[in-house]
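Reading through the structure tokens given below for one structure.
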2 protein chains.
Amino acid sequence: MAKSIKKEDSSIEQLILDTKDLEILQLLQKNARITVKEISDQMHLSTTPIHERIKRMEASGVIKQYATLLDHTKVKKGLMVICYVSLKEHNKKAGVKFIETIHSLHEVIECYNISGEFDFMLKVVAEDMNAYYDFHVNKLSQIENMGHVQSVFVIGIIKQTHQLVFPVSEK
Amino acid sequence: MAKSIKKEDSSIEQLILDTKDLEILQLLQKNARITVKEISDQMHLSTTPIHERIKRMEASGVIKQYATLLDHTKVKKGLMVICYVSLKEHNKKAGVKFIETIHSLHEVIECYNISGEFDFMLKVVAEDMNAYYDFHVNKLSQIENMGHVQSVFVIGIIKQTHQLVFPVSEK
DNA sequence: AAAAGAGCAGAATATTATTCTAGTATTGTA
DNA sequence: TACAATACTAGAATAATATTCTGCTCTTTT
């Protein structure tokens with residue numbers, strides 16, 4: 001007998017998030033260590049539905065990770081550089097090899113395949129300019145099949161958040 | 001009587017992180033909801049020092065935030081665009097006004113002041129191309145003093161992490 | 001109208017965070 | 001070398017929280 005496509009099939013079906021789920025996510029995004037009780041108090045619900053909804057969103061993958069974010073300047077990662085990279089050849093094998101290497105470089109915290117004249121955009125963090133120079137010369141430029149590389153330096157951080165805001169479509 | 005510049009002055013002085021602190025940070029970065037007990041077991045220490053070290057790093061600002069990260073595609077924020085912006089005028093007043101506006105736009109999750117021909121780089125998330133079009137035309141382009149805008153679309157995410165890796169200087 | 005499913009409240013239990021007490025190194029100093 | 005101050009640690013006690021369980025209510029479907 002087929003089950004209805006509803007929330008309990010969270011591991012298979014696309015989870016449909018209602019207003020309460022989104023409200024919970026707003027609070028969790030701000031503080032991953034907020035207690036179920038605090039959420040339930042703010043939302044005027046008991047702890048049971050909050051707990052169930054969170055577990056459901058964890059299981060469905062809506063909640064990807066509870067992460068701890070550090071102050072880069074206080075852990076000697078104060079320099080941020082945006083790197084543009086183009087490859088010489090664009091066959092599958094060359095691409096896979098490049099991706100593997102990127103994953104092994106801890107200085108690269110983000111890498112995107114992008115539109116435009118370059119193939120990839122990298123966000124790189126390092127302790128200082130010397131460390132970045134070492135990364136650029138000895139690691140990035142050494143990757144086989146590497147074409148052009150262009151570095152754009154981050155002078156200041158204006159805004160930096162992971163909070164996704166959802167339109168308030170109240171019932 | 002002057003106190004020594006040591007760890008207990010965490011709120012004022014620069015906190016010096018030792019190997020154990022960095023080891024704790026590695027675990028916390030991966031999972032903000034890891035228990036003190038789990039950390040203490042992995043590090044072969046009791047819960048007390050782990051707890052104290054964490055509180056110290058929270059107070060000193062090394063730990064900036066416990067954040068919950070969401071799957072963008074599952075919360076209708078699947079499109080990511082990198083926006084380059086240059087302003088017409090570069091006086092203080094114009095810059096401040098621009099920054100204020102950027103902070104009010106929830107689609108902009110990152111904004112950096114950068115070197116090169118553009119003034120700012122923005123990371124923008126939206127539900128789809130229609131939503132991005134609306135953002136571009138009705139919000140971004142409407143900012144006063146706006147000069148050139150160039151959009152680079154993210155085709156694929158190769159790597160995305162917040163895990164900062166620290167060199168293993170054992171001792 | 002009956003039945004099933006979903007969401008919820010409240011209580012009970014299991015875990016965990018937090019605090020407290022006191023022992024053990026380590027470092028600097030006379 | 002001996003002493004004192006400091007930091008670190010283990011283990012226990014307490015407070016707070018997560019998690020589970022039971023049963024009620026509302027809605028939807030047939």
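First the proteins, then the strands, lettered A, B, ... as listed; each starts at 1.
Closest approach of B:Val165 to B:Gln26, counting heavy atoms only: CA-NE2, 3.7 Å.
When the C1' atom of D:dA16 is taken as reference, atom CD1 of A:Ile39 falls 16 Å away, rounded to whole Å. What separates CD1 of B:Ile54 from C1' of C:dT19 is a distance of 15 Å, to the nearest Å. Atom CD1 of A:Ile34 is separated from atom P of C:dA17 by 17 Å (rounded to the nearest Å). Between the NZ atom of B:Lys37 and the P atom of C:dT15 there is a distance of 11 Å, rounded to whole Å. In this structure, A:Leu28 atom CG and D:dA18 atom P are separated by 11 Å, rounded to whole Å. Atom CD1 of A:Ile50 is separated from atom P of D:dT20 by 16 Å (rounded to the nearest Å). The CD-C1' distance, from B:Glu52 to D:dG11, rounds to 13 Å in whole Å. Rounded to whole angstrom, the span from the NE2 atom of A:His51 across to the C1' atom of C:dT13 amounts to 13 Å.
Contacts of A:Thr48 with the nucleic acid, taken as non-hydrogen atoms under 4.0 Å apart, include base atoms.
A salt bridge between A:Asp71 and B:Lys64 is absent, with no side-chain N of the basic residue lying under 4.0 Å from a carboxylate O of the acidic one. The pair A:Glu52-A:Lys55 fails the salt-bridge criterion, with no side-chain N (NZ, NE, NH1 or NH2) lying under 4.0 Å from an Asp/Glu carboxylate O.
Residue B:Ser46 has its side chain nearest to D:dA10 when only D:dC8, D:dA10, C:dT18 are considered.
Heavy-atom neighbours of A:Glu144 CD from other residues, nucleotides or ligands within 6.0 Å: at or below the threshold of 12.
Comparing A:Val36 and B:His44 by the nucleotide of DNA chain D that holds the closest heavy atom to each, the one mapping nearer the 5' end is B:His44. Along DNA chain D, the nucleotide nearest to A:Thr35 and the one nearest to B:Pro49 differ in position, and the one closer to the 5' end is contacted by B:Pro49.
OP1 or OP2 of D:dT17 has not a single side-chain nitrogen or oxygen of A:Arg33 nearer than 4.0 Å. Residue A:Lys20 places at least one side-chain N or O under 4.0 Å from the OP1 or OP2 atom of C:dC8. OP1 or OP2 of D:dC8 lies within a sub-4.0 Å distance of a side-chain N or O belonging to B:Arg56.
Using modelled atom types, one finds no donor on one side chain facing an acceptor on the other under 3.5 Å when comparing A:Glu107 with A:Tyr132.
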